[in-house]
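So the structure is just underneath, and the comments pick up after that.
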Amino acid sequence: MDSGIVRGYEGTSKAGSQDIRLDWTVEEILAVHRLPLLELVGRANAVHREHHDPNKVQKASLLSIKTGGCPENCAYCPQSAHHREVDLTKDRLMDPAKVIGLAAKAKAAGAERFCMGAAWREVRDGKDFDAVVQMVEGVRDLGMEACVTLGMLKPHHAARLAAAGLTAYNHNLDTGPEFYREIITTRTYEDRLETLATVRSYGIDLCCGGIIGMGESLRDRASMLHVLSTMNPHPESVPINALVPVEGTPLGHRTPIDPLELVRMVATARIVMPTSTVRLSAGRSSLNREAQILCLIAGANSVFYGDKLLTTPNAELGEDAALFGAIGAEVQDTASI
């Protein structure tokens, strides 16, 4: 293999230095992704150890604060109002006091970040957004990081969230720009990028990643990582999701990916974005303990902690306690949230 096409992944750069590359090409990322697996994981681990404590894994908790009825037509999502065959109970926005109480329980169970998701196309002014701002303030008062995913938003919304102390805003790319229209047609890729730029302009961290296993090519995966890795700066958090097929959605028939595909994606993300937090997200419940550990060795340093991710299952808290025990990480009381 031409060593020139996979330059810059040796793990010698320092956080904040000029060696953090912002000029990756799709071809270079593809070449990294196609490295022999043991070499890929080894190189990713070297990068990871250069920039992060290898024994530190952030635990984040995720709560759906408003479920179902979303006007977007994302092919993977059971919350879309377009997928009428999905068996999902729709819920209105939760009461802020209840959300803050659940955040406190999540903190007691070991979570450091509390993420709140509302099935909205976009943020709108009014009592619901006022309630979300109150939730953010309450979570921050607990001493936790606060993250929300609310869809598209305008500058004045970002300003209010920043003033409330929001740590991060989640707005995933989902896939590469070339494959995007196969998954979503109710908003454009440019809409997503504009939202990310707005969030960044108010000093809020970006939580931005995507999903694999939706029928995309390896080039599409590399293309998504290319968009992320050429952002300046890189997103602070990059969730890597594996599709969880849900009956009634257009992608409900798809076969779950081989776990090693998730390992490869995590490792490649770590190499091209050395200082980002790479979060092992949806699809983790289908991985055995050893596959999850391999993802952590490959550079994942955050997981969602709790038995549910919005509307799809996650690893049981007891299983996570065993996982962290096996790798030597301490876990606090694992009372369910």
Side-chain angles (χ1 to χ4, degrees), residues 62-93 115-124 132 147-153 168-196 198-199 206-217 220-221 223-225 227-228 235 237-257 261-262 265 279 281-286 304 308-314:
L62 177 61
L63 175 69
S64 179
I65 57 174
K66 184 270 180 184
T67 304
C70 181
E72 303 284 9
N73 68 348
C74 308
Y76 55 82
C77 186
Q79 300 204 64
S80 170
H82 295 258
H83 312 325
R84 300 183 184 279
E85 296 181 6
V86 174
D87 183 14
L88 179 71
T89 301
K90 298 177 183 178
D91 294 316
R92 293 185 176 183
L93 189 72
C115 307
M116 297 163 279
W120 293 338
R121 169 180 166 79
E122 59 191 342
V123 175
R124 295 182 178 177
V132 171
C147 178
V148 295
T149 177
L150 309 171
M152 296 180 289
L153 80 175
Y169 196 89
N170 170 255
H171 199 65
N172 288 333
L173 295 177
D174 290 339
T175 188
E178 296 81 9
F179 189 68
Y180 185 79
R181 294 287 294 178
E182 300 297 318
I183 302 300
I184 306 161
T185 61
T186 51
R187 76 169 88 172
T188 68
Y189 213 74
E190 289 70 27
D191 288 334
R192 290 193 182 269
L193 295 176
E194 182 178 347
T195 293
L196 293 169
T198 298
V199 169
L206 295 186
C207 177
C208 184
I211 308 168
I212 64 173
M214 300 189 293
E216 75 285 346
S217 66
D220 291 320
R221 296 179 188 180
S223 182
M224 181 187 74
L225 291 178
V227 175
L228 294 170
S237 178
V238 179
I240 302 296
N241 300 273
L243 176 70
V244 179
V246 177
E247 185 176 353
T249 66
L251 298 181
H253 65 285
R254 295 206 61 85
T255 302
I257 62 168
E261 292 186 62
L262 195 57
M265 194 66 177
R279 180 169 295 117
S281 301
R284 187 166 72 90
S285 63
S286 66
F304 276 119
K308 197 173 185 180
L309 299 180
L310 296 181
T311 59
T312 57
N314 193 34

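What you see is a predicted model; the values in this text were computed from it and never measured.
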Flag side-chain contact, heavy atom, 4.5 Å: [X] against [Y]:
| X | Y | answer |
| --- | --- | --- |
| Leu193 | Leu173 | yes |
| Leu251 | Ile183 | yes |
| Leu153 | Thr195 | yes |
| Asn170 | Val148 | no |
| Asn172 | Thr149 | no |
| Ile257 | Leu243 | no |
| Thr175 | Tyr76 | no |

Measuring from [X]:[atom1] to [Y]:[atom2], what's the distance to the nearest 0.5 Å?
| X | Y | atom1 | atom2 | answer |
| --- | --- | --- | --- | --- |
| Asn241 | Met214 | CG | CE | 9.0 Å |
| Arg92 | Thr67 | CZ | OG1 | 13.5 Å |
| Leu150 | His171 | CG | NE2 | 10.0 Å |
| Arg254 | Thr249 | CZ | OG1 | 11.0 Å |
| Arg221 | Ile212 | CZ | CD1 | 4.5 Å |
| Leu228 | Leu206 | CG | CG | 9.5 Å |

Shortest non-hydrogen separation from [X] to [Y] and the atoms involved:
| X | Y | answer |
| --- | --- | --- |
| Pro71 | Arg121 | CG-CB, 3.6 Å |
| Cys207 | Cys147 | CB-SG, 4.4 Å |
| Cys208 | Pro239 | C-CD, 3.6 Å |
| Met265 | Ile240 | CG-CG2, 3.8 Å |
| Gly213 | Glu216 | N-OE2, 2.8 Å |

**Report entry** Side chains of Ser217 and Asp220, donor plus acceptor under 3.5 Å
**Finding:** yes
Report summary line: For Tyr189, the ring-ring contact (aromatic ring centres under 6.0 Å, His included) test, sequence neighbours excluded, returns Tyr180
Query - Any residue meeting salt bridge (Lys or Arg N to Asp or Glu O under 4.0 Å) with Arg124, in chain and number order, not counting sequence neighbours - result: Glu122
Report summary line: Residues passing the salt bridge (Lys or Arg N to Asp or Glu O under 4.0 Å) test with Arg181, sequence neighbours excluded, are none
Query raised in the report: Does Gly209 offer a backbone N or O that forms a donor-acceptor pair with the side chain of Arg279 under 3.5 Å?
Result: no
